[in-house]
Amino acid sequence: QQQVKQSPQSLIVQKGGIPIINCAYENTAFDYFPWYQQFPGKGPALLIAIRPDVSEKKEGRFTISFNKSAKQFSLHIMDSQPGDSATYFCAASMNNNDMRFGAGTRLTVKP
Amino acid sequence: NAGVTQTPKFRILKIGQSMTLQCTQDMNHNYMYWYRQDPGMGLKLIYYSVGAGITDKGEVPNGYNVSRSTTEDFPLRLELAAPSQTSVYFCASTNLRGRGHGYTFGSGTRLTVV
């Protein structure tokens, strides 16, 4: 069964827009929630991560919002740029092991 | 600073053939992982290792084998390749089974079984 559900599957925004990608998880034992960014032909790269003891984390233009009671978390990209066009994966793990990934969101930022 | 290196980048196999996907990391990471990525399915864990000599199955281990004789190397073996093994394979590593450490991924091996 899929332990981390991600939506939408694809997303198109204009430059400067704020794309939002959502994830929901089932296992309440998960304690680490990273987001990965993947460009074509490359491996995923860690973008930003959050723990369940905080509700929000911001790094540059990227923000994670976390709702522990709803078992949901989301990625917001402020002032999006064409260079942000990539596939984004949410993930969840216990003790940073056995990481479970969402299905991915293909983001396109139009100039 | 190479990080995680995977070879080959591309490979075409015939049904029933075998091959080994190579993975090497130079960061002295103890934990290493093999994932496969299929379109619209995210990444699925095949096998992982928490140190030299120790390996364990992930979500989708059938049809694969691994070994971990050194800290640096974690090869993935495909025996009797099947079309269902057509995928992109990623190796990853991390330095601690602990808090706040993400995975470093290689650039992947694209495998086609025909």
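We use all heavy atoms of the structure for the numbers below, so side chains are in, but hydrogens, waters and symmetry mates are not.
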- Of A:F39, A:Y36, A:F89, the residue whose pairing with B:F105 passes ring-ring contact (aromatic ring centres under 6.0 Å, His included): A:Y36
- When clusters are formed by joining ILVMFWY residues with side-chain heavy atoms under 4.5 Å apart, either directly or through shared neighbours, do A:L46 and B:Y48 land in the same one? yes
- Task: Only counting residues at least two apart or in another chain, list the ones meeting side chain to side chain contact (heavy atoms under 4.5 Å, CB included) with A:P82.
- Result: A:K15, A:V109, A:P111
- Query: Do A:W35 and A:L11 share a hydrophobic cluster (ILVMFWY, side-chain heavy atoms under 4.5 Å, transitive)?
  - Reply: yes
- For B:K9, side chain to side chain contact (heavy atoms under 4.5 Å, CB included) partners two or more places apart: B:S107
- Query: Would one find more than 12 heavy atoms of other residues, nucleotides or ligands at under 6.0 Å from atom CD of A:E59?
  - Reply: yes
Taking distance alone, no hydrogens or angles, what donor-acceptor pairs closer than 3.5 Å link side-chain atoms of residues 10-17 of chain B to residues at least two apart or in another chain?
| residue | atom | partner | partner atom | Å |
| --- | --- | --- | --- | --- |
| B:Q17 | OE1 | B:K14 | N | 2.8 |

- Task: Please answer: with hydrophobic residues joined when any side-chain heavy atoms are less than 4.5 Å apart, are B:I46 and B:V113 in the same cluster?
- Result: yes
- In Å, rounded to the nearest 0.5 Å, how long is the span from CG of B:L43 to CE of A:M99? 10.5 Å
- Message: If the test is ring-ring contact (aromatic ring centres under 6.0 Å, His included), which one of B:Y103, B:F90, B:Y35 qualifies with A:F101?
- Response: B:Y35
- Please state whether the side chain, the backbone, both or neither of A:P44 comes within less than 4.5 Å of a heavy atom of chain B. both
- Task: Examine whether an atom of B:Q6 lies under 4.5 Å from a heavy atom of chain A, and if so say whether it belongs to the side chain, the backbone or both; otherwise answer neither.
- Result: neither
- Message: Hydrophobic clusters here meaning ILVMFWY residues chained together by side-chain heavy-atom distances under 4.5 Å, can you tell me if A:F30 and A:I64 are in one?
- Response: yes
- Within residues 65-75 of chain B, the residues sitting under 4.5 Å from chain A by heavy atom, in sequence order, are none
